[in-house]
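The structure appears below as structure tokens.
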Amino acid sequence: MRIPEKHLQEARDRGFTTVEGFIAGDELRQAREALWLHYPRPEEYFANPAAYPAFGRSQFSGIQLFPYKSWSLNRLAFHPDLVEAAERLIGTDDLDLYKVELWAKYAGAIDYEQAHHYDYGNHSLVVPRRDRRDLQITTFLLLSDVTAEDGPTKLVPREFTADSEFVPREFAKGTFVEEEIAATGPAGTLLIYATDVVHRGSNFRQPGRSRFALLADYQRKGVSWAGKMAWPNRADDPNWPATMARASVRERDLFGFPAPGDAYWDEQT
């Protein structure tokens, strides 16, 4: 679905927004089914958690990097309606898709509670500008229902952090607990937030719960101090060739392929 302007204005004003029903129907069903090419189904995991010790090594053990084994998952990272929303928010169609992650969490695997923090250091070498000139946006596409019991991301509206320094990037636990808002919604919901927004991951409140999401992050092309993934480092993944062959010229451009007319292209290349 094309994201209504009211949601993007909310993202500009308070720093984040959630859009229910961003994907639905077969598009959502196929993406959810493709998860099991990468992760155990919840009933499999909870039948014997000890069989999956990797999920307990860190909060981020459930992350798998792009590309994936199914086009149904891969194309979500550059879904045309997501790209169009990023263009409107960042103010240009000259975009970098600078990070894509698939993230699974299972209740009890580890404590997922985090302190409130800003996303720089692992998204940018420098602090964000207050005027958001070089805006970076993170998106979470929920591939499972996420309620208050399911470890939702919790975000603090900009109005409560306008006077907070960017250094240090992490706050004492509980600093903004009264102001934070949980990003919940049914599967197919899209969360968008800017990297100058204070937020945190939270823990599951009930056993036997799980959460699955695809994260795709965008910024203006050519920002040398910002980013997270080097796509040539992923290009030897066996799933890369088929994904790029199926992607459009515009979609490949998001990963940094030279655009038509670029000086790179000559008779040989």
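For the single chain, residues carry numbers from 1 onward in sequence order.
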What heavy-atom pair brings [X] and [Y] nearest, and what distance separates the two atoms?
{"X": "Ala183", "Y": "Leu191", "answer": "CB-CD2, 3.8 Å"}
{"X": "Ala11", "Y": "Arg158", "answer": "O-NH1, 3.5 Å"}
{"X": "Ala216", "Y": "Ala77", "answer": "CB-O, 3.7 Å"}
{"X": "Leu141", "Y": "Gly188", "answer": "CD1-O, 3.8 Å"}
{"X": "Glu179", "Y": "Pro157", "answer": "O-CD, 3.5 Å"}
{"X": "Pro258", "Y": "Tyr264", "answer": "CG-CD2, 3.7 Å"}

Is the distance between the ring centroids of [X] and [Y] under 6.0 Å?
{"X": "His199", "Y": "His117", "value": "yes"}
{"X": "Phe212", "Y": "Trp36", "value": "yes"}
{"X": "Phe176", "Y": "Phe160", "value": "no"}

**OP:** Using only heavy-atom distances, determine whether the side chains of Gln64 and His38 contain a donor-acceptor pair under 3.5 Å.
**Re:**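 On atom types as modelled, these side chains qualify, holding a pair under 3.5 Å.
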ask   = Would His123 and Gln219 count as having a side-chain donor-acceptor pair, cut-off 3.5 Å?
value =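 There is no such pair (donor and acceptor under 3.5 Å, judged by atom type) between the side chains of His123 and Gln219.
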What salt bridge (Lys or Arg N to Asp or Glu O under 4.0 Å) pairs are there with at least one residue in [range], not counting sequence neighbours?
{"range": "residues 133-157", "value": "Asp134-Arg220, Asp150-Arg209, Lys154-Glu180"}
{"range": "residues 111-123", "value": "Glu113-Arg200"}
{"range": "residues 251-267", "value": "Arg250-Asp253"}

How would you list, by chain and number, every residue that makes a salt bridge (Lys or Arg N to Asp or Glu O under 4.0 Å) with [X], sequence neighbours excluded?
{"X": "Lys221", "value": "Asp96"}
{"X": "Glu20", "value": "none"}
{"X": "Arg88", "value": "Glu5, Glu84"}

Shared hydrophobic cluster, [X] / [Y] (ILVMFWY, side-chain heavy atoms < 4.5 Å):
{"X": "Val19", "Y": "Val83", "answer": "yes"}
{"X": "Leu102", "Y": "Ile192", "answer": "yes"}
{"X": "Tyr112", "Y": "Val198", "answer": "no"}
{"X": "Ile63", "Y": "Leu97", "answer": "yes"}
{"X": "Leu37", "Y": "Leu215", "answer": "no"}

*asked:* Tell me which one of Val197, Ile181, Leu155 satisfies side chain to side chain contact (heavy atoms under 4.5 Å, CB included) with Arg14.
replied: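 With Arg14 as partner, Val197, Ile181, Leu155 yield a single side chain to side chain contact (heavy atoms under 4.5 Å, CB included), made by Ile181.
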_Exactly one of Leu8, Thr17, Asp81 should register a side chain to side chain contact (heavy atoms under 4.5 Å, CB included) with Ile3. Which one does?_
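One option only clears the test, and that one is Leu8.
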Problem set entry | From Lys173, Gln59, Glu170, residue fulfilling side chain to side chain donor-acceptor pair (under 3.5 Å) relative to Gln114 |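 Of the listed residues Lys173, Gln59, Glu170, the side chain to side chain donor-acceptor pair (under 3.5 Å) partner of Gln114 is Gln59.
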Taking the side chain as every heavy atom from C-beta outward, state whether [X] and [Y] have any pair of such atoms under 4.5 Å apart.
{"X": "Leu135", "Y": "Arg12", "answer": "no"}
{"X": "Thr243", "Y": "Trp71", "answer": "yes"}
{"X": "Phe22", "Y": "Leu142", "answer": "no"}
{"X": "Val146", "Y": "Thr189", "answer": "no"}
{"X": "Thr153", "Y": "Arg211", "answer": "yes"}
{"X": "Pro40", "Y": "Tyr52", "answer": "yes"}
{"X": "Leu82", "Y": "Tyr218", "answer": "yes"}
{"X": "Leu214", "Y": "Tyr68", "answer": "yes"}

Kindly compute the distance separating [atom1] ([X]) from [atom2] ([Y]), expressed to the nearest 0.5 Å.
{"X": "Ser70", "Y": "Glu33", "atom1": "OG", "atom2": "CD", "value": "9.5 Å"}
{"X": "Lys99", "Y": "Phe66", "atom1": "NZ", "atom2": "CZ", "value": "13.5 Å"}
{"X": "Leu65", "Y": "Arg234", "atom1": "CG", "atom2": "CZ", "value": "4.5 Å"}
{"X": "Ser210", "Y": "Arg41", "atom1": "OG", "atom2": "CZ", "value": "11.5 Å"}
{"X": "Met229", "Y": "Glu101", "atom1": "CE", "atom2": "CD", "value": "7.0 Å"}
{"X": "Gln206", "Y": "Thr147", "atom1": "CD", "atom2": "OG1", "value": "8.5 Å"}

Mind running side chain to side chain contact (heavy atoms under 4.5 Å, CB included) on Phe166 and Arg130 for me, showing each step along the way? CA-CA 10 Å; Phe166 282 123; Arg130 291 289 187 191; 3.5 Å; yes
Between [X] and [Y], what is the ring plane arrangement, given parallel below 30°, perpendicular above 60°, and tilted in between?
{"X": "Trp103", "Y": "Phe140", "result": "tilted"}
{"X": "Trp240", "Y": "Phe257", "result": "parallel"}
{"X": "Phe55", "Y": "Tyr39", "result": "tilted"}

| said: Given 3.5 Å as the limit, does a donor-acceptor pair link the side chain of Thr184 with the main chain of Ala148, or not? | reply: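 Looks like no, no N/O pair under 3.5 Å.
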- Message: I'd like to know if the side chain of Ser61 reaches the main chain of Gly56, judged simply by a donor and an acceptor atom lying under 3.5 Å from each other, with no hydrogens or angles considered.
- Response: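 Between the backbone of Gly56 and the side chain of Ser61 there is no qualifying donor-acceptor contact (under 3.5 Å).
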Assess the residue pair Leu76 and Leu143 against the criterion (side chain to side chain contact (heavy atoms under 4.5 Å, CB included)); give the C-alpha distance rounded to whole Å, side-chain angles, the decisive distance to 0.1 Å, and a yes or no. CA-CA 11 Å; Leu76 295 180; Leu143 297 176; 4.2 Å; yes
(request) Evaluate the side chain to side chain contact (heavy atoms under 4.5 Å, CB included) criterion for residues Arg132 and Asp196: first the C-alpha distance (whole Å), next the side-chain angles of each, then the deciding distance (0.1 Å), finally the verdict. (result) CA-CA 8 Å; Arg132 296 183 284 282; Asp196 67 339; 3.4 Å; yes
### Message
Around atom CD of Glu43, are there more than 12 heavy atoms from other residues, nucleotides or ligands closer than 6.0 Å?
### Response
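More than 12 heavy atoms, drawn from other residues, nucleotides or ligands, come within 6.0 Å of this atom.
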Can you check side chain to side chain contact (heavy atoms under 4.5 Å, CB included) on Arg169 and Tyr120, steps first, answer last? CA-CA 7 Å; Arg169 65 185 291 262; Tyr120 65 87; 3.3 Å; yes
